[in-house]
Amino acid sequence: MTMVTVLSRRLLLSAAVILALLVILPSALDPYQTILLSYGLIFAIAALGFNLLLGYTGLLSFGHSAYFGMGAYAVAFIVKYLKITSMEVFLIGGILASAAVAALFGFLCVRYTRIFFGILTLALSQVLWSLAFKFFWVTGGTDGLRVPTPSLLGMQMAPGQDKMTFLAHRYYYYVLIIFLAGLAVMWVIVHSPFGKALQAIRDNETRAEFVGVQVRKYRFVAFLISGAYTGLAGALWVPLNGLTTPEILHWTFSGKIVFFTVLGGFQTFVGPIIGAVVYNYLETYAVGHTVYWQLVLGIVLVVLVLALPAGIVGTAKRLGLRLRRAA
Amino acid sequence: MNLLVTKVLTKYFGDTHAVDGVDFTVQQGELLALIGANGAGKTTLVNLISGMLRPDSGSIVFQGADVTSQSVHGRIKAGIARSFQLVNLFDQLTVLDNVALVIFSREGKTRNFVYLADHDRPVRQEAMDVLQRFGLENKANMLAGGLAQGERKLLDVAVAVALRPKLLLLDEPTSGVSTREKAPIMDIITAIVRSEHITAVIIEHDMDVVFKYSDRIVVMHQGTILADGTPDEIRTNDQVITTLIGTQASG
Ligand SMILES: Nc1ncnc2c1ncn2[C@@H]1O[C@H](COP(=O)(O)OP(=O)(O)OP(=O)(O)O)[C@@H](O)[C@H]1O
Ligand SMILES: [Mg+2]
């Protein structure tokens with residue numbers, strides 16, 4: 001048996017174990033914990049999308065709050081104006097709206113790289129944020145917009161069922177399935193010829209151009225997919241949160257998405273997922289336990305990044321390799 | 001038959017006349033060496049032909065079609081490929097993927113994101129064949145960033161060759177490697193170019209290498225063409241001898 005098959009067997013085995021855990025967790029945890037995990041998985045979808053740009057295309061966006069927020073607001077608008085509460089409609093609406101914004105912003109941003117790209121994505125997302133403020137009669141301003149519990153595959157929440165139970169069970173599984181589907185699709189994308197072309201652009205855009213890859217076009221498509229993923233996450237997030245406010249469009253939220261990804265390790269496929277879930281727990285506990293949570297969280301994160309420059313998953317991989325060599 | 005013709009091709013950088021009214025032709029099937037002192041304008045000429053730079057004036061005709069204002073992408077489609085003086089590779093991709101990507105690109109498959117690149121057997125096979133011809137098959141699964149300098153130079157050329165170009169422009173394929181390594185690298189490259197009937201322009205400083213491998217030599221000096229002839233003609237050209245003295249060591 002070759003090294004590769006041993007490795008991929010091990011990978012499959014651990015994936016199966018994690019999947020089994022994710023499936024049985026809601027029956028073992030209290031609803032609050034399950035909901036927390038749902039948030040983590042949703043942020044993980046956003047981070048997966050974000051990392052198609054950072055890890056695979058070499059573009060650092062500081063404006064992904066725009067797509068997450070657009071996904072969330074699209075859902076709120078569907079409720080407000082169309083009076084529809086179907087989750088499937090939410091998802092389609094969220095994806096389309098965020099993809100439309102990503103197409104517009106991407107068109108402008110992919111002309112630039114490095115710091116110019118980052119600043120432009122940030123500036124554009126801030127425009128969206130200020131629009132959410134200014135047009136308060138549409139967006140509800142700082143009060144935001146409420147979103148009720150949706151129907152899942154046409155099924156309403158059972159009458160008399162409390163919202164917490166619904167979110168911790170049916171909604172959790174719904175999120176889990178979409179997360180897994182999103183994961184699988186992204187995995188194929190980054191391993192496809194298209195994904196290789198993106199990585200080539202990341203490594204050396206000049207050479208990519210000179211082997212026939214139309215760099216700008218490919219960056220644009222990556223931007224579009226990335227925005228749509230993050231928008232999908234926003235659409236899943238809003239029913240869980242029950243409310244969307246301009247905060248979700250603010251650049252500080254973009255910063256969080258960057259953080260999930262760097263914390264988990266942007267040079268690995270699963271890094272952003274782990275980073276999102278871990279960050280979500282860290283923040284929740286920091287907020288719950290101290291009024292100085294931002295300070296505490298900041299310090300914890302600085303230490304983590306300094307101690308694990310390759311991110312959690314990157315560092316774990318290196319350790320694994322070293323152990324295997326030593327054995 | 002002329003594969004490529006440039007007419008009074010000109011490119012200035014401020015006061016530097018990098019390429020100054022150059023009439024340059026490449027004939028179908030030949031292996032042409034482009035030589036000249038540092039700063040003579042060789043790389044700039046290749047940059048103009050490959051579309052990396054726009055000329056200030058003049059024209060470039062490839063296979064009878066004017067490509068002067070065509071995009072890089074258009075020129076690659078037409079069959080012009082190049083390598084770089086300073087190695088340009090995809091360092092975080094494996095050696096195999098560096099070549100496979102080029103094949104995907106050539107076949108228009110990079111638009112496809114619904115199947116796994118590693119499962120494309122014909123592309124993998126062709127990429128392995130290319131690597132084998134360059135003697136890099138044992139490095140296929142290494143990251144390109146981990147190769148030694150000589151291997152990197154070879155892979156840089158392999159990437160251009162995998163495009164199956166009609167005209168291959170190689171900018172100093174042996175620069176930055178030890179003198180001992182130069183001959184083996186040139187042996188490999190010229191063998192491939194000859195066996196696949198690729199027309200090639202090779203920029204090279206080492207005169208021994210130039211005389212040994214080329215069919216024709218074009219000498220550039222301060223943005224213009226100083227001489228053009230067979231190795232024997234150039235070897236005995238007094239003007240070339242006087243201008244190139246002292247530049248041999250600097251390559
Ligand atoms: N992008 C640029 N901007 C300004 N000047 C340039 C640029 N590229 C080249 N030059 C100048 O144009 C002249 C020709 O440069 P070029 O690189 O074409 O020479 P070369 O013959 O390839 O030399 P070498 O053997 O050192 O590679 C030089 O004087 C160089 O300094
Ligand atoms: Mg040069």
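So you know, we letter chains A, B, ... as the sequences are listed, proteins then strands, and number each from 1. Since the structure is predicted, the reported quantities are computational estimates derived from the model, not experimental observations.
For chain A, the nearby parts of Val159(B) are the backbone and the side chain; heavy atoms of each come within less than 4.5 Å. The contact between Ser50(B) and chain A is made by backbone and side chain atoms together, counting heavy-atom distances below 4.5 Å. If you measure heavy-atom distances from Leu163(B) to chain A, the contacts under 4.5 Å come from the side chain alone. Ala160(B) touches chain A through backbone and side chain together, each having a heavy atom under 4.5 Å away.
Between Phe116(A) and Tyr112(A), the ring planes lie tilted relative to each other; the angle falls in the 30° to 60° range. Between Phe223(A) and Tyr67(A), the ring planes lie perpendicular to each other; the angle is over 60°, past the 30° to 60° tilted range.
Contact count versus chain B (heavy atoms, under 4.5 Å) is highest, among Val188(A), Val190(A), Val221(A), Ile201(A), for Val188(A). Among Ile76(B), Leu101(B), Asn88(B), the residue making the largest number of heavy-atom pairs under 4.5 Å with chain A is Asn88(B). Put simply, of Asn98(B), Leu93(B), Ile80(B), the one with the most heavy-atom pairs under 4.5 Å next to chain A is Leu93(B). Considering only heavy-atom pairs separated by less than 4.5 Å from chain B, the leading option among Ala208(A), Pro193(A), Ser192(A) is Pro193(A). If you tally non-hydrogen atom pairs under 4.5 Å between each of Arg75(B), Lys109(B), Met52(B) and chain A, the highest count goes to Met52(B). Interface summary for chain A: among Asp120(B), Leu89(B), Val114(B), Val102(B), the most heavy-atom pairs under 4.5 angstrom belong to Leu89(B). Contacts with chain B were tallied for Arg207(A), Arg202(A), Gln267(A); Arg207(A) has the most, counting heavy-atom pairs under 4.5 Å.
Here the two rings, on Phe194(A) and Phe104(B), have centers that are 6.0 Å apart or farther. In this structure, the ring of Phe210(A) has its center less than 6.0 angstrom from the ring center of Phe84(B).
In this structure, Phe113(B) places its CZ atom where only 12 or fewer heavy-atom neighbours from other residues, nucleotides or ligands lie under 6.0 Å away.
Remark: Lys196(A) does not engage Asp203(A) in a salt bridge, criterion side-chain N to carboxylate O under 4.0 Å. A salt bridge does not link Lys153(B) with Glu181(B): every distance from a Lys NZ or Arg NE/NH1/NH2 to an Asp or Glu carboxylate oxygen is 4.0 Å or more.
Neither side chain, Asn2(B) nor Thr25(B), offers a donor N or O lying under 3.5 Å from an acceptor on the other.
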